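See structure below.
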Amino acid sequence: MAHPDRFLLAGVMGWPVMHSRSPMLHNYWFKQHGLAGTYVPLAIEPAGIGPALRALQPLGFAGCNLTIPHKETALAFVDEVADTARRIGAISCVTVRRDGSLVGTNNDGYGYIESILAEVPGWRADAGPIVVMGAGGGARAVVLGLADRGAREIRLINRSPERALGLAQEFGAPVHAVAWEDRHAALEDAAMLVNTTSQGMVGQTPLDLAIERLPRHALVSDIVYIPRETPLLRQARERGNPTINGLGMLLHQGRPAFRDWFGVTPDVTPELRQMIEATL
Ligand SMILES: NC(=O)c1ccc[n+]([C@@H]2O[C@H](COP(=O)([O-])OP(=O)(O)OC[C@H]3O[C@@H](n4cnc5c(N)ncnc54)[C@H](OP(=O)(O)O)[C@@H]3O)[C@@H](O)[C@H]2O)c1
């Protein structure tokens with residue numbers, strides 16, 4: 001809860017961390033809600049994550065977000081792991097409870113689904129087959145979010161087949177692995193295509209996927225947000241597909257974190273989105 005007599009503190013732990021847009025996001029919300037507080041980037045080396053998390057409570061932090069490379073390793077250092085975070089296998093947010101104990105949650109899947117609903121309010125996960133490219137950390141959150149939302153068929157495709165097969169086995173129906181070689185054909189009759197690989201991100205090559213067979217009404221989403229329009233999204237937009245980039249996922253995952261730390265649920269406003277877009 002927010003206290004008028006206390007300076008509110010939270011941050012993001014990562015290595016590297018200075019690229020993170022989370023400070024801009026949470027500091028906007030402090031200001032918008034008239035709260036005295038700050039959210040800082042915390043450069044924590046991999047070996048330092050345990051001590052850093054234990055320092056949150058004595059330093060008076062309400063909690064923190066976690067980014068690369070801490071999302072999985074932090075599981076060992078919190079006192080309780082929420083069900084969704086356990087299923088995803090990673091923590092994106094830590095909250096310090098009144099008794100000083102730490103609870104780890106994961107808001108990435110929530111943020112992803114909310115970002116889609118914000119752009120396409122009538123969107124339904126069960127509208128047809130969904131093709132998900134990638135089987136890394138981002139994919140785990142997205143696939144669980146889609147499955148929990150009622151997706152009936154998720155075709156999971158990854159360059160390294162064992163990772164997609166393992167994830168399909170772990171999550172069970174509706175997720176099934178499709179071979180990388182069959183990725184172009186797997187787009188036929190899909191209602192949605194999601195890129196969760198790092199391909200298309202600034203400094204990376206574009207995703208190697210021919211989208212000619214994808215129906216033109218299919219929604220194409222990319223969780224990458226730098227650049228704002230990846231080569232995949234540009235190609236999809238130019239042939240008439242509706243597209244959504246990954247910025248909304250980042251913005252929306254912050255809302256439950258801010259609420260858990262400070263007792264106020266903030267909004268993703270057009271002004272906030274524009275402010276962050278201007279830095280990408
Ligand atoms: N919008 C958001 O809030 C948000 C949240 C999380 C992540 N992201 C973004 O999502 C991307 C992935 O992040 P992550 O945490 O899931 O990373 P990750 O766990 O390292 O997974 C990377 C994924 O990309 C695939 N990949 C890498 N190089 C490839 C290539 N040359 N060809 C085909 N596939 C390739 C990997 O396949 P292999 O298994 O074969 O290596 C794997 O599936 C990053 O760009 C990240 O910034 C955005």
Side-chain angles (χ1 to χ4, degrees), residues 12 14-26 65-74 85 88-93 106-116 118-119 131-146 154-168 170 175 177-184 186 193-210 220-233 243-257 268 272-273 276-277 279-280:
V12 53
W15 186 265
V17 76
M18 288 315 289
H19 65 284
S20 173
R21 301 307 194 272
S22 290
M24 197 177 277
L25 170 66
H26 290 276
N65 284 125
L66 296 172
T67 188
I68 290 171
H70 302 310
K71 285 188 171 188
E72 288 88 17
T73 48
I88 293 173
I91 296 172
S92 68
C93 176
N106 193 313
N107 301 317
D108 289 346
Y110 167 86
Y112 178 71
I113 299 296
E114 287 298 303
S115 75
I116 300 297
E119 300 282 329
V131 176
V132 176
M133 303 296 300
R140 293 182 68 91
V142 167
V143 166
L144 268 181
L146 291 169
I154 299 175
R155 300 170 183 164
L156 188 63
I157 305 175
N158 196 52
R159 177 184 60 174
S160 313
E162 64 283 356
R163 235 172 151 188
L165 285 163
L167 224 146
E170 186 183 333
V175 187
V178 173
W180 179 252
E181 298 69 44
D182 298 332
R183 63 194 180 283
H184 315 298
L193 164 65
V194 191
N195 175 46
T196 72
T197 76
S198 49
Q199 297 301 281
M201 194 177 157
V202 64
Q204 302 278 336
T205 52
L207 181 66
D208 179 9
L209 180 68
V220 181
S221 113
D222 200 323
I223 71 166
V224 169
Y225 58 89
I226 305 176
R228 279 153 66 174
E229 188 175 56
T230 59
L232 171 69
L233 290 188
T243 62
I244 300 178
N245 74 11
L247 181 58
M249 178 176 177
L250 173 79
L251 301 179
H252 283 276
Q253 61 76 37
R255 298 178 66 231
V268 172
L272 171 63
R273 179 178 269 275
I276 296 196
E277 270 179 353
T279 72
L280 302 180

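Just so it is clear, the values below take in all heavy atoms, side chains as well, and ignore hydrogens, waters and symmetry mates. Every value quoted in this text rests on a predicted model; they were computed, and no experiment measured them. Whatever order the structure lists ligands and atoms in, that order sets their numbers, starting from 1.
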Could you give the distance from CG (Leu233) to OH (Tyr225), rounded to the nearest 0.5 Å?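 So the gap between those two atoms works out to 14.5 Å.
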
Between Gly200 and Thr230, which heavy-atom pair has the shortest distance, and what is it?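 Nearest heavy atoms, Gly200 then Thr230: O-CG2, 3.7 Å.
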
Minimum heavy-atom distance Ala168-Leu156, with the two atoms named: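 Shortest heavy-atom separation between Ala168 and Leu156 comes out as N-CD2, 4.4 Å.
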
Among Val224, Leu193, Thr243, which one satisfies side chain to side chain contact (heavy atoms under 4.5 Å, CB included) with Leu232?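 So the option named by the test is Leu193.
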
Do Thr205 and Gln199 come close enough that some side-chain heavy atom pair is under 4.5 Å?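 Answer yes - side chains close enough.
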
Proximal protein residues to ligand 1, non-hydrogen atoms under 4.0 angstrom: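 If the criterion is a heavy atom under 4.0 Å, then ligand 1 touches Gly134, Ala135, Gly136, Gly137, Gly138, Asn158, Arg159, Ser160, Arg163, Trp180, Thr196, Thr197, Ser198, Gln199, Met201, Ile223, Val224, Tyr225, Gly246, Met249, Leu250.
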
Hey, is Asp208 close enough to Arg183 for a salt bridge, meaning N to O under 4.0 Å?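 Yes, this pair counts.
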
